[in-house]
Amino acid sequence: MNLMDLEVKGVATSPSNQIQSFSGRKKPLQKEWTSKSWAMQNPCLPVVPRLDLGSLVGSDDEEEDIIPENLPASAGKYKLKCQQYKTEMKEGYKWYSQRNAEKTKSNITHEQSPRNKIDDMEIVAAEKKKQTVAEQVMIDQLSRAVISDPEQNVTTEKQGSAPILPESNIAPLRVRKRTLHETKIRTQSTLTENMLSHKVQFDSRIISRNGRDACRELIGFFFTHDQSLTIYEYRQFGKNRTNVLPFIQKNIYSHQRGRRKGKQYQLGDFYIGANLTFLSSDHPRLSENIKENTLLILRITNIDQIALDSLRTDSVEHEDDINSQEANDRLAFKAIQDKLKEQLHKRGVRILTGLAKYFQQLDKEGNGLLDKADFEHALKLFHLEVSEKDFESSWLILNDNGNGKVDYGEFKRAIFGEMNEYRKSFVRKAFMKLDFNKTGSVPIIDIRKCYCAKKHPQVISGHTTEEEIKSSFLETLKGDCSKSDGVSYGEFEDYYEGLSIEIVEDEDFVNILRTPWGI
């Protein structure tokens with residue numbers, strides 16, 4: 001390294017002997033050695049030139065001057081490309097700005113309402129559940145049904161009796177007689193994935209006052225290629241363990257009551273709020289509680305509307321006189337419900353819970369059936385005025401089998417109406433949270449522990465205390481319960497059924513459930 005290199009780098013130069021003595025010194029530096037003494041012994045300090053920023057201001061102008069002036073004009077296609085490039089850049093920047101604005105807005109919205117995140121998680125969990133059930137249905141119908149088809153044995157025996165030529169390349173007889181895996185043979189009941197894809201998926205629930213049965217998660221499928229249906233039950237054990245089992249086997253079924261009794265189920269019979277009826281005796285795998293009733297009634301709570309609309313365009317169903325008769329029946333019930341709704345103003349909870357308890361006391365046999373005189377006496381006892389004409393017309397519709405007895409739950413739903421399936425889904429969700437053991441009944445102690453009245457409007461305004469609201473709620477709930485130490489699902493539903501009459505908006509009703517129960 002020469003002397004010029006050191007000067008350029010800004011290092012003070014000195015004779016070589018001084019450098020060697022400085023670098024090769026083994027003695028430590030003296031304490032008095034300071035920057036001042038260093039400067040005295042090294043007078044040749046580096047000089048840093050000043051940076052003239054003014055000379056850099058006109059650099060762009062200088063570059064522009066360098067460009068020659070006499071350049072040929074650019075071609076038209078290059079001008080067009082340049083214009084397109086500018087337009088794409090502007091559109092890209094505009095799209096990027098809008099995207100950032102929407103992202104910021106969505107972040108603010110989620111921060112303001114964290115409940116949306118919970119709702120999204122519930123939607124994802126519900127879709128995952130439906131997908132799991134759909135996959136299990138496809139597995140059962142495409143593999144198990146074919147393997148267990150009795151026609152497989154008949155076809156295999158025919159093949160086994162056929163003469164085998166020695167020169168043929170057919171597998172040995174001992175292999176061909178394994179009927180368990182002989183699924184390549186096409187039988188009359190053989191299904192394909194394409195045939196099973198033409199289906200409508202729906203959610204359903206059991207209409208029952210038994211909490212265990214009413215809270216079962218049922219998912220059904222209606223197949224248009226053969227007008228058959230099947231219903232599966234989704235069970236969850238703990239957080240991670242799940243099971244999907246057939247509840248109603250795949251078959252062609254018919255209505256078991258009403259105007260359409262004996263008629264086969266069609267695509268038009270499936271909509272939200274529709275009832276599906278089955279004979280309990282035809283399904284031996286049902287639980288004993290369900291088989292106690294002659295009919296199993298399922299209510300459709302949700303349906304794949306997109307698949308339903310697409311299949312309706314492909315199929316043609318003939319309108320008949322039954323549709324008009326059913327419409328007239330609904331109008332008759334609607335007229336009675338409108339009259340009774342005015343009478344139930346501000347006393348719906350007391351009337352509906354009291355009627356349920358009274359009907360349960362009259363039901364000595366425990367099958368839920370009462371005769372005409374019992375219903376007439378109950379209406380008079382609770383001061384509910386129904387004209388004789390309206391009562392007779394409703395009785396003729398409900399007593400379609402002519403045995404003189406009607407289920408009192410069905411009678412209540414017919415003349416008082418019922419809340420929609422959206423509201424009932426939250427009632428079931430609240431009860432399932434309380435009934436974590438799935439016994440169908442919740443102790444009053446657990447309800448007291450779980451009920452939270454901190455956000456009640458009267459508590460927030462200071463007119464009453466949280467304990468007073470809780471005591472009032474429990475007193476009303478316990479007043480018409482059959483047991484003093486517990487609340488069944490039917491009694492829990494009756495309470496909110498009466499409360500629902502006074503509330504017009506669905507979201508207001510849902511908030512009343514969400515706030516105290518934390519769902």
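Heavy-atom basis, side chains included; hydrogens, waters and symmetry copies ignored. On a predicted model such as this, the values are computed, not experimentally measured, just so you know.
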Rounded to the nearest 0.5 Å, the CG atom of N437 sits from the OG1 atom of T439 at a distance of 6.0 Å
ask   = Taking K405 for the side chain and G368 for the main chain, is one N or O donor matched with an acceptor at less than 3.5 Å?
value = no
Sequence neighbours excluded, the answer for ring-ring contact (aromatic ring centres under 6.0 Å, His included) partners of F359 is F375, Y408
The side chain to side chain donor-acceptor pair (under 3.5 Å) partners of D329 (sequence neighbours excluded) come to R259
Would you say that more than 12 heavy atoms from the other residues, nucleotides or ligands in this model lie under 6.0 Å from the NZ of K478, or not? no
Would you call Q201 and K130 a side-chain contact if the rule is heavy atoms closer than 4.5 Å?
-> yes
The reported gap from CG in L308 to CZ in R312 (rounded to nearest 0.5 angstrom) is 4.0 Å
Establish, yes or no, whether the cationic atom of K429 lies under 6.0 Å from the six-membered ring centre of F426 and within 45° of the ring axis.
yes
Aromatic ring proximity, centroids under 6.0 angstrom, F278 and Y253: yes
Next on the checklist: Between the side chains of E385 and K339, is the shortest nitrogen-to-carboxylate-oxygen separation below 4.0 Å, so that they form an ion pair?
Outcome noted: no
For G409 and D407, the nearest pair of non-hydrogen atoms, with its separation, is N-OD2, 3.0 Å
- [ ] Start with the C-alpha distance between D506 and N420, add both sets of side-chain angles, then the distance that settles side chain to side chain donor-acceptor pair (under 3.5 Å), and finish with yes or no.
- [x] CA-CA 9 Å; D506 289 343; N420 56 38; 3.3 Å; yes
Note to self: Applying side chain to side chain donor-acceptor pair (under 3.5 Å) to E491 and S482, what does each step give before you reach the verdict?
What the structure shows: CA-CA 9 Å; E491 295 161 347; S482 57; 3.1 Å; yes
Of Y496, Y495, Y489, the one forming a ring pair (Phe, Tyr, Trp, His ring centres under 6.0 Å) with F492 is Y496
Residues D226 and K250: closest non-hydrogen pair is OD2-NZ, 3.0 Å
The salt bridge (charged side-chain N to carboxylate O under 4.0 Å, His left out) partner of E217 among R235, R212, K129 is K129
Ring-ring centroid check Y265 H255, cutoff 6.0 Å
yes
Original post:
Got a donor-acceptor contact below 3.5 angstrom from the S197 side chain to the N194 backbone?
Top reply: yes
Worksheet item: Ring centres of F202 and F270 under 6.0 Å apart?
Response: yes
- Query: Could R428 and D435 be called an ion pair, given the rule that one side-chain N must be under 4.0 Å from one carboxylate O?
  - Reply: no
In short, salt bridge (Lys or Arg N to Asp or Glu O under 4.0 Å) pairs touching residues 361-376 with sequence neighbours left out are K372-E392
Value for CZ (F221) from OG1 (T230), rounded to nearest 0.5 Å, stands at 8.0 Å
- Task: Could you tell me whether R209 and D494 make a salt bridge, using a distance below 4.0 angstrom between a side-chain N and a carboxylate O?
- Result: yes
- Salt-bridge criterion met for D400 and R257 (N-O under 4.0 Å): yes
- Task: Apply side chain to side chain donor-acceptor pair (under 3.5 Å) to N302 and R205, showing your working.
- Result: CA-CA 10 Å; N302 195 12; R205 64 179 178 88; over 6 Å; no
Has the side chain of S310 got a donor or acceptor atom that lies under 3.5 Å from a matching backbone atom of A307? yes
Note: Y451 and A453 closest approach over all heavy atoms is CE2-CB, 3.9 Å
By side chain to side chain donor-acceptor pair (under 3.5 Å), R216 pairs with (sequence neighbours left out) D213, E233
d(L267 CG, F223 CZ) to nearest 0.5 Å is 13.0 Å
Separation between CG (L331) and OG (S393), nearest 0.5 Å, reads 11.5 Å
Residues 293-304 vs salt bridge (Lys or Arg N to Asp or Glu O under 4.0 Å), sequence neighbours excluded, gives R299-E418, R299-E421
Residues 340-355 vs salt bridge (Lys or Arg N to Asp or Glu O under 4.0 Å), sequence neighbours excluded, gives none
| said: What I want to find out is whether E410 reaches R413 closely enough, with some N-O distance under 4.0 Å, to be called a salt bridge. | reply: no
**Prompt:** Are any of the side-chain heavy atoms of R260 and N323 separated by less than 4.5 Å?
**Reply:** yes
Rounded to the nearest 0.5 Å, the CD atom of Q337 sits from the CD1 atom of I415 at a distance of 9.0 Å
Mark yes or no for whether S280, through its side chain, and K291, through its backbone, hold a donor-acceptor pair below 3.5 Å. no
request  = Evaluate the criterion side chain to side chain donor-acceptor pair (under 3.5 Å) for residue pair D140 and Q136; output intermediate values, then yes/no.
outcome  = CA-CA 6 Å; D140 289 349; Q136 188 63 47; 3.1 Å; yes
Review point. Are any non-hydrogen side-chain atoms of L352 and I501 less than 4.5 angstrom apart?
Key: yes
